[in-house]
Visitor: 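Please find one structure pasted underneath; my questions will follow.
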Amino acid sequence: MHVELPSQYNPKETENKWYKFWQEHNLFSAKPNPTKKPFCIVIPPPNVTGILHMGHALNNTIQDILIRYHRMKGEESLWMPGTDHAGIATQNVVEKAIAKEGLKRQDLGREKFLERVWQWQKEYGSTIIHQLQKLGASCDWQRTRFTMDEDYSRSVIEAFVRLYEKGLIYQGNYIINWCPRCQTALSDEEAPHKEIQGNLYYLRYPLKQGQSLSGTVPAYIVVATTRPETMLGDTAVAVNPKDKRYKKYIGQTLILPLINREIKVIADAMVDMKFGTGAVKVTPAHDPNDYTLGKKHHLEFVNIMYADARLNENAGEYKDMDRFAARDIILKDLKEKGLLEKIEPHQLSAGHCYRCHTIIEPYLSKQWFVKMSPLSKPALEVVRKGKIKFYPKRWTKVYLNWMENIQDWCISRQIWWGHRLPVYYCKNCPNLQQAGIIVSRIKPDKCPSCGSTDIYQDEDVLDTWFSSWLWPFATFKNGEDLKYFYPTSSLVTAPEIIFFWVARMIMAGLEFMQDIPFKDVYIHGTVRDIEGKKMSKSLGNIIDPLEIIHEYGADALRFSLISITAQGQDVFLSKERFQQGRNFANKIWNASRFILMNLTQGLSPQGTVPAIDLCVFFKKEDLDIVNRWILSRFYTVLKETNKNLEAYKFNEAANTLYGFFWHEFCDWYLEMIKSDIKNQRNQVVMYKVLEKFLRLIHPFMPYISEEIWQRIYNQGQSPGGGVPGNSIMIQPWPHVQEQMIDKKKEDKLNLIFEIIASIRNIRQELEIPLQKEIGVIIASPNQENRKLIEEMSGQIKKIAKLSNLNINAKYSHVKSSVSGVIKDVHVTCLLSGIIDLEREKAKLDARIRELAAQISAKKKTLSNKAFLKKAPEEIVEKESDGLKELNGILKRIKEIKNELQ
RNA sequence: GGGCGCUUAGCUCAGUUGGUUAGAGUAUCUCCUUGACAUGGAGAGGGCCACAGGUUCGAGUCCUGUAGCGCCCACCA
C-alpha cells in the first residue's frame, strides 16, 4: 500500500466530510443496552440567543473528550444535547427586533408576540447547535431537546404542581430584585452585586413643631442614605435603642421633607450605631432590611415607583420622573431648604440585572416562591457523603456554603416567553384567601370552590432555571432511557453556574427522581484574554472559536485549549496559542504520511493493514531494544493517559500524548528505525504504535485521527466508500500491556540518547557541519553498556553522522579530540586540527567547578547522621550511588584536562 | 466583612502522595532545506519557585504570617 498524502494537513477538507460521515452512520446515537455500562452527560443547554464563544468551546471539548473516551472504552455513551429557551434573554432579543419596526410587545399582544418569538427561535435557535457541530461535538443530535418542547413543558408544569401540592410553593408580597428595564422580578442569583462608586447623602428630617425635647439637642435628625430618592417612601426613622445620642428622639414624630408626611422615630437593635449617623431612614417598600423593620413595627408600606422605575403618584410633584433624574432634583430641593447636610463619596454594592446590567430596584411585589430549605437538606447530604463529587474539590465548600444559607427562590417572571404558571384564578371568589387560586396541570373548567366558569390564568411565566433544573431527567422521553441513563455520569460546567443550575439540579433530582442527577461535577475555569479579563463582546477582546477553526482547524482549537487548561484554573488565551495545536496536527499528519509511505505491501494484502496483535506476531523477546523501548513508552503513556482522564486532568493527558508522539516517537524512534525501515519488526511496531496512538488522540483531535485512520483502512477513499464499523471513533480503547512496560529498557535507551546528544553538542559547539562525518570512540568499563552501545552502533552512527565508531573497555587519550562524559561512558570525538585548546580547558574547568559543588553538597548530605538514620534506605543508596558517579565523572574530566596538552 | 484561587524561565503556564540536576509551550541566539514534516530538525542561553518565619534528615511541594493580583459570597442604610 502506498498512500500519497500531501505534505501539509488540511483541516478544511477533512472536517465537514467526517462529521457528515459520523452523522450519516449514526455513530453518535446511544440506546439502552443491557450488556454495556451506561455513560451519560447532559449538555449544559447553551442559551439560544448566544453564539459560540471560547467558554463554550472549552466546555464542549471537555465533554466531547469524555464521551469519546468512554465510548471507545465500550460504554454506551450518550451525550444528550439541547437548548434552553432563555426567557429574558430571548424576549429581549425579539423585543429589540420588533423595536426596529417601531413596535413594543404590548402593541402586538401576548399571542402575536409569542408567535414572533417562535419564529425567531425557528430561524436562529439552532445556530449554536451548528457551531457545536463544527467543533466536532458527538452529541446524539436526534435526541435534541428544547426546554419549551411540549413534553418538556409538561414536566415543568408537573414539577410546579407537585411542589405546590407539597406546600413548597407559595405566593406572597415581598421585596424582590426588580429589573426596571426588563420589567420583571429576578431571583437573587440573577441579580449579582457589583461595587459601584456612589455617595452617602446626609439628610435632615425636622422634628414636628411643638414637640419639646429637653436640653439643647437639634430639632432634627440626620439620616444617611445612598438612595436619597427613596426618602419619598420613608415611613419611619430607626435608631439603636442603646444609642445615647438618640434616646430622647425615640417615639417622637418627624416631618418627612418634601412630602410632609409625619413619621415616627423607632428603636431597633438592627440599626448599626457606627454607620453613618446611627439613624436610618426606613423605606419598607424599597429595601429588604426596611421591609423587615416595617413588618416588625407595623409601618406603612409606601411604594413610590412604577415598574419602569419612574416615580408614581405617591411621589407627589416628582411623579413620572425617572429614579435617577428624581434623585438629582430631590437633592437640589433639599439643599434649597437647608436639609442636605453633606455628601460623602461612598463605595457601595448594588444588584445588577444579569441580562441587561441595569441596576436592580428592591421592589415590593406579589411573586411566587419555592421554599428551599426542605429541598436543600438531602442535597447537602449527598455531597457531604461524597455521593456527588466536585472536581476540583474546592467547589464542594462553595456549594455547601450556598446550600446551607439557601434563600427561598423567586420563580415568577413578568415576561411572556416561558412556561406560564399553572395557576388560575376565579373571578368570582377573589377575596377568599386560597379559594380563588387554582393550581392545576390543565386549565380547569370551573372553580372547584364556587363552580364559576369565570376563570383566568396567571400572566406570569416561570424562571428559565425552573425548567433547566429538571434537565437531567426531563430530557428523556421514555422510561426505558431514563432508567438506563439516570443518574447521569459527569456534569461539566463553569463556576458561575453552580448556584443557578448545578445545585438546583441536585435538589430537583432528589425531589422528583429520589436519586442524584449525576455522580461527578467537573468545574472548569473561565476563559480570559491575555490580560486576565473575561472575554466578552462588550470588551471587544473576543477570540472567536469559529475563526480559529477556520484558520487552524477544529482539532487545533480543541487541542490547544485543552493543553493549557489545568484542572479548574482559568484559561488565559492569546491567538498565537492555537499555533501549537495546528503544528501538532501537522506533525501527526506527516509522521503518518511517512509511515504509510514506507509500509510494505506484505503488511497490507488487500490494501488493508491486518489488525495483528503484537504479542502474537512477535514474542517480546524477539524484538530489539529500540522496539521494546517505544512499546514500553507507549504503554506507560497509555497508563498515564487513562489515569489523567479518569481524574479529569485533561491538560496532563494532552501534554503527555504530545510529548510522547513528538519527541519520543518522531524525534527518536522514527529517526532510529529509518535506516532499517523495511525490517519487519520495525514495520509492525511503527504501524502499531501509530495506529494505537491515533486512538488515544482521537478524543482530543477527532478529525485528523479519523482522516488518517480511514486512509489506512479504506485506502484513502472518500467517506462514501468507508465502512462505518471502521470509524476510529468506535474502535476499542487500547488495553495496557503491563508485560511490555520495562523501565530498565527505557533507562538503557536514555543512555544512548545522552551519548548522541553529547556528540551533537560537541559538533555544534565546534561548528562541525553535519555533512562532515567524524570518528568517535566510546569507552566504558561496564560490559553491559558496551554491549548496548554495540547493539545500537548502527543507529548512533547514522543519527550522529559518524564515519566510524570504536567501542573500548578502557579509556585512552587521543590527540586532537574532544570528550564528553556520561556516567561511566566516555565519548571521544576525533577532530584533528580544529580544536581550540584554551576554550576546551575553560569548558572543562567550568564543568569541574560545577561537579565539585555537586559533590560537596552530596558529601554534606551523606555525612549528616540524621539523614542516614531517618531517610529511607533507597534514598540513601541513591545519594551514595550518585556521589560515586559524580566522583567518577570528576576524575575523568580532570584526566581529560591533563591529557589535553 | 467572610471565603477561594494565583504569585515558578522574557511571556503563558505545568509540577500528582515532601527525596536533592524544577519541566513544557512560546519567545531569543546559533547551525541545518539531509527524500515525512521549515506548521520542521539539532544545539544553547535563561529560575534565590512572591516575601518572612516554622515543621523535617530533606520544602516549589506541608504549616503560620505578610504583600500584590484576581474571583465568589454577604441585608452596613
Side-chain angles (χ1 to χ4, degrees), chain A residues 5 7-9 175 192-193 200 223-227 230 238 270-272 274-277 279-283 287-292 346 348-349 362 392 394-395 397-398 401-402 405 495-496 498-499 525-526 528 530 532-534 552 556 560 563-566 568-574 576-577 579-580 582-598 643-644 647 649 651-652 655 658-659 663 666-667 670-671 674 757 760-765 767-771 799 801 850 854 857-858 861 864-872 874-876 878-879 882:
Chain A
L5 275 73
S7 70
Q8 278 194 1
Y9 171 57
I175 297 266
H193 281 68
L200 199 53
V223 295
T225 180
T226 55
R227 294 187 296 150
T230 62
M270 247 176 87
V271 179
D272 179 355
K274 286 188 226 88
F275 187 88
T277 60
V280 55
K281 61 190 270 313
V282 183
T283 323
D287 182 277
N289 284 320
D290 294 7
Y291 174 86
T292 315
H346 182 71
L348 66 147
S349 80
R394 66 186 138 92
W395 295 109
K397 221 171 130 182
V398 175
N401 185 48
W402 183 82
N405 299 300
E496 63 264 27
I498 294 176
F499 307 142
T526 306
R528 297 173 187 285
I530 208 74
K533 292 199 194 78
K534 195 166 165 171
Y552 298 128
S560 294
S563 85
I564 55 173
T565 308
Q569 284 306 121
D570 285 356
V571 187
F572 294 75
L573 268 190
S574 66
E576 296 72 54
R577 215 36 228 239
Q579 288 170 5
Q580 188 197 357
R582 177 201 59 180
N583 295 355
F584 187 40
N586 197 240
K587 190 71 182 176
I588 295 172
W589 181 258
N590 275 293
S592 308
R593 176 167 170 249
F594 172 73
I595 290 168
L596 292 182
M597 281 191 318
N598 284 293
K643 201 182 78 191
N644 288 326
K649 295 186 175 178
N651 66 322
E652 291 189 35
N655 291 327
Y658 178 94
H663 299 306
C666 292
D667 288 349
L670 290 182
E671 290 306 319
K674 227 175 215 177
R760 282 170 168 171
N761 184 319
I762 289 165
R763 289 191 86 112
Q764 185 93 21
E765 287 208 332
E767 293 174 4
I768 301 157
L770 262 180
Q771 294 89 331
I799 294 175
K801 300 270 188 244
E850 191 190 315
Q854 283 175 20
K858 281 236 182 320
T861 308
N864 184 338
K865 287 200 179 101
F867 173 75
L868 296 174
K869 210 172 111 191
K870 292 189 182 175
E874 72 253 32
I875 297 294
V876 178
K878 202 172 142 195
E879 283 300 293

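Naming convention: chains lettered A, B, ... in sequence-line order (proteins, then strands); numbering from 1 in each chain. None of these values were measured; they are calculated from a predicted model. Worth knowing before you read on, the calculation uses all heavy atoms, side chains too, and leaves out hydrogens, waters and symmetry mates.
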Visitor: Just name whichever nucleotide pairs with B/A77, Watson-Crick or G-U, keeping both distances under 3.5 Å, else none.
Guide: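 None - no nucleotide pairs with B/A77, as no candidate has both distances under 3.5 Å.
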
Visitor: B/G41 C1' sits how many Å from A/K587 NZ, rounded?
Guide: 7 Å

Visitor: Using Watson-Crick or G-U wobble geometry with both distances below 3.5 Å, tell me the partner of B/A24, or none.
Guide: B/U12

Visitor: With nearest nucleotide decided by heavy atoms, which residue, A/A757 or A/T277, maps closer to the 5′ end of RNA chain B?
Guide: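 Its nearest nucleotide being more 5', the pick is A/A757.
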
Visitor: Do A/E671 and B/A36 share a donor-acceptor pair, side chain to base, under 3.5 Å?
Guide: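 Under the 3.5 Å cut-off, the side chain and the base do form a donor-acceptor pair.
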
Visitor: Work out which heavy atom in A/S560 is nearest to a heavy atom in A/Q580; give both atom names and the distance.
Guide: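 Looking at all heavy atoms of both residues, the shortest contact is OG-C, 4.2 Å.
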
Visitor: Between protein and nucleotides 3-5 of chain B, what N or O pairs are separated by less than 3.5 Å?
Guide:
{"unit_1": "B/G3", "atom_1": "O3'", "unit_2": "A/K397", "atom_2": "NZ", "d": "3.3"}
{"unit_1": "B/C4", "atom_1": "OP1", "unit_2": "A/K397", "atom_2": "NZ", "d": "2.9"}

Visitor: Write down the atom of A/P495, the atom of A/W395, and the distance for their closest heavy-atom approach.
Guide: CB-CH2, 3.5 Å

Visitor: Taking only the side-chain nitrogens and oxygens of A/N761, find out if one of them lies under 4.0 Å from OP1 or OP2 of B/A44.
Guide: yes

Visitor: Write down the distance between CG (A/N864) and C1' (B/U20), rounded to a whole number of angstrom.
Guide: 13 Å

Visitor: Using atom P of each nucleotide, how far apart are B/G25 and B/A14 to the nearest Å?
Guide: 16 Å

Visitor: Could you pull out the closest heavy-atom pair between A/V271 and A/A238, with the gap in Å?
Guide: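 Taking every non-hydrogen atom into account, CG2-CB, 3.7 Å.
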
Visitor: Restricting both atoms to N or O, compile the protein contacts to nucleotides 73-75 of chain B shorter than 3.5 Å, with distance only.
Guide:
{"unit_1": "B/C75", "atom_1": "O2'", "unit_2": "A/N289", "atom_2": "ND2", "d": "2.3"}
{"unit_1": "B/C75", "atom_1": "O2", "unit_2": "A/N289", "atom_2": "OD1", "d": "2.8"}

Visitor: To check you understand the geometry: which heavy-atom pair defines the closest contact between A/T277 and A/A224, and what is its length?
Guide: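 Between these two residues, the closest heavy atoms are OG1-N, 4.1 Å.
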
Visitor: Return the set of residues passing side chain to side chain contact (heavy atoms under 4.5 Å, CB included) with A/K674 (not counting sequence neighbours), or none when no residue passes.
Guide: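 A/K674: side chain to side chain contact (heavy atoms under 4.5 Å, CB included) contacts with A/F594, A/E671.
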
Visitor: Kindly point out which of B/U39, B/A77, B/U21 is positioned nearest to the side chain of A/K858?
Guide: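 Looking only at heavy atoms from C-beta outward on A/K858, the closest nucleotide is B/U21.
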
Visitor: How far does CD of A/Q771 sit from NZ of A/K801, to the nearest 0.5 angstrom?
Guide: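 Rounded to the nearest 0.5 Å, the CD-NZ separation comes to 9.0 Å.
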
Visitor: So, does A/K878 get its side chain near the phosphate of B/G19, meaning an N or O under 4.0 Å from OP1 or OP2?
Guide: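 Indeed not, no polar side-chain atom of A/K878 lies that close.
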
Visitor: Give A/Q854 one of three labels, base, sugar-phosphate or nothing, depending on what nucleic acid heavy atoms sit under 4.0 Å from its own.
Guide: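 Nothing, no nucleic acid heavy atom in range.
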
Visitor: To the nearest 0.5 angstrom, please state how far the CG atom of A/N655 sits from the OG atom of A/S563.
Guide: 5.0 Å

Visitor: Taking only the C1' atom of each, what is the distance from B/C76 to B/C63 in whole angstrom?
Guide: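 About 35 Å, rounded to a whole number of Å.
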
Visitor: Using the C1' atom in both, what is the distance from B/C49 to B/U20, to the nearest Å?
Guide: 15 Å

Visitor: Closest heavy-atom contact between A/K281 and A/D290?
Guide: O-OD2, 3.3 Å

Visitor: Rounded to the nearest Å, what distance is computed from the CD atom of residue A/Q8 to the C1' atom of nucleotide B/U39?
Guide: 6 Å

Visitor: Can you tell me if A/S349 uses its side chain to pair, donor with acceptor, with the backbone of A/H193 under 3.5 Å?
Guide: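 No.
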
Visitor: The side chain of A/L770 is closest to which nucleotide in this list: B/A77, B/U39, B/U34?
Guide: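 Selected nucleotide: B/U34.
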
Visitor: Return the nucleotide paired to B/U33: Watson-Crick means purine N1 to pyrimidine N3 with N6-O4 or O6-N4, wobble means G-U with N1-O2 and O6-N3, both under 3.5 Å.
Guide: none

Visitor: Supply the atom-to-atom distance A/I875 CD1 to A/F867 CZ, rounded to the nearest 0.5 angstrom.
Guide: 7.0 Å

Visitor: Under the 3.5 angstrom rule, does the side chain of A/N644 hit a backbone N or O of A/K649 as a donor-acceptor pair?
Guide: no

Visitor: Round to the nearest Å and state the distance from A/F594 atom CZ to B/G35 atom P.
Guide: 12 Å

Visitor: Name the closest nucleotide to the A/K674 side chain, picking from B/G41, B/A77, B/A36.
Guide: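 Looking only at heavy atoms from C-beta outward on A/K674, the closest nucleotide is B/A36.
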
Visitor: Could you check whether the rings of A/F584 and A/Y658 sit parallel, tilted or perpendicular, using 30° and 60° as the cut-offs?
Guide: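 If you compare the ring of A/F584 with that of A/Y658, the planes turn out tilted.
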
Visitor: Indicate, with a heavy-atom threshold strictly under 4.0 Å, whether A/P872 touches base, sugar-phosphate, or nothing.
Guide: base

Visitor: Find which nucleotide of RNA chain B each of A/L200 and A/I875 is nearest to by heavy atoms, and output the residue with the more 5' nucleotide.
Guide: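 Residue closer to the 5' terminus by nearest nucleotide: A/I875.
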
Visitor: Could you list, one pair per line, each protein nitrogen or oxygen that sits under 3.5 Å from a nitrogen or oxygen of nucleotides 7-9 of chain B, together with the distance?
Guide:
none

Visitor: Looking only at atom P, what distance separates B/C69 and B/A74, rounded to whole Å?
Guide: 24 Å

Visitor: Paired with B/U64: which nucleotide, if any, by Watson-Crick or G-U wobble criteria at under 3.5 Å for both distances?
Guide: B/A52

Visitor: For B/G23 and B/U8, measure between their C1' atoms and round to the nearest Å.
Guide: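 Their C1' atoms lie roughly 10 Å apart.
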
Visitor: Is the A/H346-A/F275 ring centre distance short of 6.0 angstrom?
Guide: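 Yes, the ring centres sit under 6.0 Å apart.
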
Visitor: Provide the Watson-Crick or G-U wobble partner of B/A59, both distances under 3.5 Å; none if there is no partner.
Guide: none

Visitor: Out of B/U33, B/U39, B/C37, which has the shortest distance to the side chain of A/Q771?
Guide: B/U33

Visitor: Pairing check on B/G46: which nucleotide meets the Watson-Crick or G-U wobble criteria with it, both distances under 3.5 Å?
Guide: none

Visitor: Touch check for A/N405, heavy atoms < 4.0 angstrom, all strands: base, sugar-phosphate only, or nothing?
Guide: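 If one applies the 4.0 Å heavy-atom cut-off, A/N405 turns out to touch nothing in the nucleic acid.
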
Visitor: Write down the distance between CZ (A/R582) and P (B/C37), rounded to a whole number of angstrom.
Guide: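 Those two atoms, CZ and P, are 16 Å apart.
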
Visitor: Can you tabulate the close N/O pairs, meaning under 3.5 Å, that link protein atoms to atoms of nucleotides 24-29 of chain B?
Guide:
{"unit_1": "B/G25", "atom_1": "OP1", "unit_2": "A/H663", "atom_2": "NE2", "d": "3.1"}

Visitor: Can you measure from CD (A/E879) to CG (A/L868) and round to the nearest 0.5 angstrom?
Guide: 10.0 Å

Visitor: Whole angstrom is fine here: how far is it from CZ in A/F584 over to P in B/C37?
Guide: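 So the CZ-P distance, A/F584 to B/C37, works out to 18 Å.
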
Visitor: Let's test this: given Watson-Crick or G-U wobble pairing with both distances under 3.5 Å, identify the partner of B/C71.
Guide: B/G3

Visitor: Rounded off to whole Å, could you give me the CG-to-P distance for the A/D570 and B/C69 pair?
Guide: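 The distance from CG of A/D570 to P of B/C69 comes to 17 Å, rounded to the nearest Å.
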
Visitor: Look only at the side chain of A/R763 and the backbone of A/P769, and say whether a donor-acceptor pair between them is shorter than 3.5 Å.
Guide: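 Yes, because the side chain of A/R763 sits within donor-acceptor range (under 3.5 Å) of the backbone of A/P769.
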
Visitor: What's the gap between B/C29 and B/G3 when it is taken at their P atoms, as a whole Å value?
Guide: 49 Å

Visitor: Indicate, with a heavy-atom threshold strictly under 4.0 Å, whether A/A224 touches base, sugar-phosphate, or nothing.
Guide: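 If one applies the 4.0 Å heavy-atom cut-off, A/A224 turns out to touch a base.
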
Visitor: If the condition is side chain to side chain contact (heavy atoms under 4.5 Å, CB included), which residues does A/Q8 pass it with, not counting sequence neighbours?
Guide: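 A/N586.
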
Visitor: Of the listed nucleotides (B/A14, B/U34, B/G43), which one gets closest to any side-chain atom of A/R760?
Guide: B/G43

Visitor: Can you name the nearest heavy-atom pair linking A/R582 to A/A556, along with the distance?
Guide: N-CB, 3.3 Å

Visitor: Say we look at B/G45 and B/A38: how far apart would their C1' atoms be, to the nearest angstrom?
Guide: 23 Å

Visitor: Taking only the side-chain heavy atoms of A/T226 (C-beta and beyond), determine which of B/G19, B/A36, B/A77 contains the nearest atom.
Guide: B/A77

Visitor: Could you tell me how far B/U39 sits from B/U26 if I compare only their P atoms? Round to whole Å.
Guide: 13 Å

Visitor: Round to the nearest Å and state the distance from A/F867 atom CZ to B/G58 atom P.
Guide: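 Taking CZ of A/F867 and P of B/G58, I get 11 Å after rounding.
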
